[in-house]
Peer 1: 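A single structure is presented below for examination.
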Amino acid sequence: MPGEGAYMQTFMDEIFRAFRRPEQRRWAQAYLWALIHASGKKTPRRMALAKPLPSAAAHGLHQFINASPWDWNPVRHRLTGLVAERTAPHAWTVAELIIPKRGEHSVGVHRRVDAETGRTVNCQRALVFFLSSGGRSYPVGWSLLLDRTWDSDRERRRRARIPGSEAGRTPADHVTGYAAEVAAQPRLPRLPWVLDLTRCTEAARVLAGLARQRADVVCEVPPDHQVLLTGAHAPLVTGVSALMEVRHARQTHVLLRQAPDGRVRAVPVHTYAGTVTTPRPAPGDDGAGRAYRVVERPDPDGRQPPRYWLTTLTDHRVEEILRLARSHTSALSAVAVLRQRFGVLDFEGRSFPGWHHHMTMASAAYVHQRLHPGAGAGAGATPAPPGAPPRRVPAAALTGVSR
């Protein structure tokens with residue numbers, strides 16, 4: 001397709017602008033190109049087999065990811081800004097990624113029970129942060145979750161080059177910390193956070209942290225999630241499912257949905273007639289007192305239990321709330337693509353910086369493909385391989401937090 005090579009070069013020039021050394025920029029371009037075009041596992045050795053990379057490229061690709069001291073944050077910031085500029089984002093969301101591993105030396109590896117299968121797995125556990133627009137979610141941020149064994153083992157942390165700031169951070173800390181980071185960037189839009197907290201043991205802390213930042217939320221919660229009723233009577237703490245069983249206290253909204261066979265069916269959705277707050281999760285947390293709306297969506301076929309959401313968007317239509325809630329579904333679809341096509345399961349290094357470098361490049365490859373759908377293996381011109389003089393290409397307009 002004409003212009004694809006120019007588009008990729010322009011994309012790279014924008015995303016990797018923070019790289020001062022020409023050699024770094026050329027290896028970044030080679031790594032991104034190989035993530036998109038190489039088949040099979042996305043390891044430096046396998047990626048180096050993709051033409052037109054030279055046969056000795058494996059060492060350079062490995063060094064760029066594992067040894068080169070580049071900061072991944074400016075790359076992610078530019079990637080986020082590009083997505084915000086070229087799409088019409090409506091939400092932030094987060095998805096979990098479990099990365100199976102062998103042995104005990106990969107950074108962050110630990111044994112845990114997989115919530116879906118019930119099996120104990122040896123793995124890394126990551127959070128992927130997305131900007132959602134329309135029916136798509138774009139991965140723009142990453143966190144690697146470290147369990148207590150990594151917090152307490154100084155020698156292990158030293159070998160993996162884990163910064164001290166990563167000690168003792170829980171999933172709630174990662175989510176609220178990232179939310180604070182994006183809120184501090186004035187060029188990014190203030191958007192609601194769409195989260196699945198149904199299996200999150202820190203749901204109350206996440207909500208409290210986002211409340212402190214005055215961030216709007218659309219959060220799916222488990223049926224027993226505690227809310228606080230206040231008013232004329234004494235305050236009452238109850239679960240959301242128990243609250244919605246009080247028929248006179250809920251309102252029914254009928255939504256029309258078209259089935260695959262073309263027939264239109266009426267789908268009832270319930271909301272609590274008033275608003276609720278959340279109990280204070282811990283001393284000193286000031287998220288309590290914020291008003292939330294409770295939304296209950298029964299399963300249309302009656303085969304599954306109802307699902308529940310808490311949202312601060314109390315003046316939005318129910319249809320809008322459920323449309324936003326679907327952002328998390330699109331994030332799960334994006335995780336599947338990242339696993340299948342962009343090598344997020346394939347990082348073989350052992351260092352914390354190397355892991356973040358690889359995941360940042362996987363995000364860049366994903367975003368490039370989604371903003372320019374015509375790009376793909378074997379299509380169009382390619383950037384010069386490392387070692388060749390950098391080509392000057394005229395600037396071209398860019399087109400374009402489970403269940």
Side-chain angles (χ1 to χ4, degrees), residues 3-38 42 44 47-48 50 52-54 57-87 128-129 131 138-142 181-182 185 187-188 338 341-344 347 349 351-372 375-376 380-400:
E4 278 190 8
Y7 172 83
M8 179 177 278
Q9 190 69 51
T10 305
F11 177 86
M12 292 175 175
D13 287 345
E14 170 64 21
I15 298 303
F16 303 129
R17 188 184 302 175
F19 291 171
R20 301 299 182 189
R21 295 164 50 191
E23 181 181 356
Q24 268 187 334
R25 294 169 67 89
R26 289 198 295 271
W27 281 115
Q29 292 175 358
Y31 203 91
L32 179 65
W33 186 91
L35 281 175
I36 293 171
H37 292 81
K42 303 302 172 69
M47 290 161 63
L53 297 180
H59 177 73
L61 295 172
H62 175 86
Q63 291 293 103
F64 169 71
I65 290 296
N66 291 288
S68 184
W70 55 275
D71 185 354
W72 54 86
N73 286 311
V75 178
R76 293 179 185 175
H77 291 165
R78 290 193 176 278
L79 197 63
T80 306
L82 186 64
V83 171
E85 177 186 350
R86 301 303 177 186
T87 71
V128 195
F129 297 90
L131 259 180
Y138 300 83
V140 292
W142 294 83
E181 179 183 327
V182 299
Q185 299 180 49
R187 297 182 63 182
L188 295 181
L338 286 165
R341 294 187 53 192
F342 297 109
V344 296
F347 176 65
S351 75
F352 183 86
W355 186 91
H356 276 280
H357 288 163
H358 179 76
M359 297 307 179
T360 300
M361 298 303 295
S363 280
Y366 183 100
V367 170
H368 175 271
Q369 292 295 85
R370 287 299 179 264
L371 293 186
H372 191 60
T382 59
R391 293 182 298 184
R392 301 304 303 168
V393 179
L398 299 181
T399 57

Peer 1: Distance from L79 atom CG to H368 atom NE2, nearest 0.5 Å?
Peer 2: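 Answer rounded to 0.5 Å: 11.5 Å.
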
Peer 1: Any side-chain heavy atom of F342 sitting closer than 4.5 Å to one from Q369?
Peer 2: yes

Peer 1: Under the side chain to side chain contact (heavy atoms under 4.5 Å, CB included) rule, collect the residues that match up with A58, sequence neighbours excluded.
Peer 2: A48

Peer 1: Quick one: do the Y31 and H358 side chains pair a donor with an acceptor below 3.5 Å?
Peer 2: yes

Peer 1: What residues, two or more places apart in sequence or in another chain, satisfy ring pair (Phe, Tyr, Trp, His ring centres under 6.0 Å) together with Y138?
Peer 2: none

Peer 1: Check A364 against L32 and note the closest heavy-atom contact, atom names and distance.
Peer 2: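 Minimum heavy-atom separation between A364 and L32: C-CD1, 3.7 Å.
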
Peer 1: Report the distance from atom OG1 of T10 to atom CD1 of I15, rounding to the nearest 0.5 Å.
Peer 2: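 Rounded to the nearest 0.5 Å, the OG1-CD1 separation comes out at 11.5 Å.
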
Peer 1: Looking at Q24 and S68, what are the two nearest heavy atoms and their distance?
Peer 2: NE2-OG, 3.0 Å

Peer 1: Answer whether the closest heavy-atom distance between the side chains of M12 and R25 falls below 4.5 Å.
Peer 2: no

Peer 1: Given side chains that start at C-beta, do those of Y7 and L371 come closer than 4.5 Å, heavy atoms only?
Peer 2: yes

Peer 1: For a 4.5 angstrom cut-off between non-hydrogen side-chain atoms, does P139 reach L338?
Peer 2: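 With C-beta onward as the side chain, the pair touches.
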
Peer 1: Applying ring pair (Phe, Tyr, Trp, His ring centres under 6.0 Å), can you list everything that pairs with H356, at least two apart in sequence or on another chain?
Peer 2: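 For H356 the ring pair (Phe, Tyr, Trp, His ring centres under 6.0 Å) partners, ignoring immediate neighbours, are W72, F352.
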
Peer 1: Hey, are the side chains of R78 and V140 touching, using non-hydrogen atoms and a 4.5 Å cut-off?
Peer 2: no

Peer 1: Taking the side chain as everything from C-beta on, heavy atoms only, tell me whether M8 gets closer than 4.5 Å to I36.
Peer 2: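 A side-chain contact exists here, since the closest heavy-atom pair is under 4.5 Å.
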
Peer 1: What salt bridge (charged side-chain N to carboxylate O under 4.0 Å, His left out) pairs are there with at least one residue in residues 58-68, not counting sequence neighbours?
Peer 2: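 Sorted pair list comes back empty.
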
Peer 1: Just by distance, no angles: are the side chains of S363 and W142 close enough, under 3.5 Å, to form a donor-acceptor pair?
Peer 2: yes

Peer 1: Please report the closest heavy-atom contact between W33 and A50, naming both atoms and the distance.
Peer 2: CZ3-CB, 3.7 Å

Peer 1: Examine distances only and state if a side-chain atom of K42 and a backbone atom of F347 form a donor-acceptor pair shorter than 3.5 Å.
Peer 2: no

Peer 1: Heavy atoms only: give me the nearest R20-R17 pair and the separation to one decimal.
Peer 2: NH1-O, 4.5 Å

Peer 1: Quick one: do V367 and F11 satisfy side-chain contact (heavy atoms from CB on, under 4.5 Å)? Show the steps, please.
Peer 2: CA-CA 10 Å; V367 170; F11 177 86; 4.3 Å; yes

Peer 1: Run the ring pair (Phe, Tyr, Trp, His ring centres under 6.0 Å) test against F19 and tell me which residues pass, sequence neighbours left out.
Peer 2: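 Here the qualifying residues are F16, W70.
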
Peer 1: Roughly how far, to the nearest 0.5 Å, is CD of Q63 from CG of N66?
Peer 2: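 Going from CG on N66 over to CD on Q63, the span is 7.5 Å.
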
Peer 1: Please name the pair of heavy atoms, one in M47 and one in L53, separated by the smallest distance, quoted to 0.1 Å.
Peer 2: O-CD1, 3.5 Å

Peer 1: Who are the side chain to side chain contact (heavy atoms under 4.5 Å, CB included) partners of Q185, not counting sequence neighbours?
Peer 2: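 So Q185 forms a side chain to side chain contact (heavy atoms under 4.5 Å, CB included) with H77, E181, V182, L188.
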
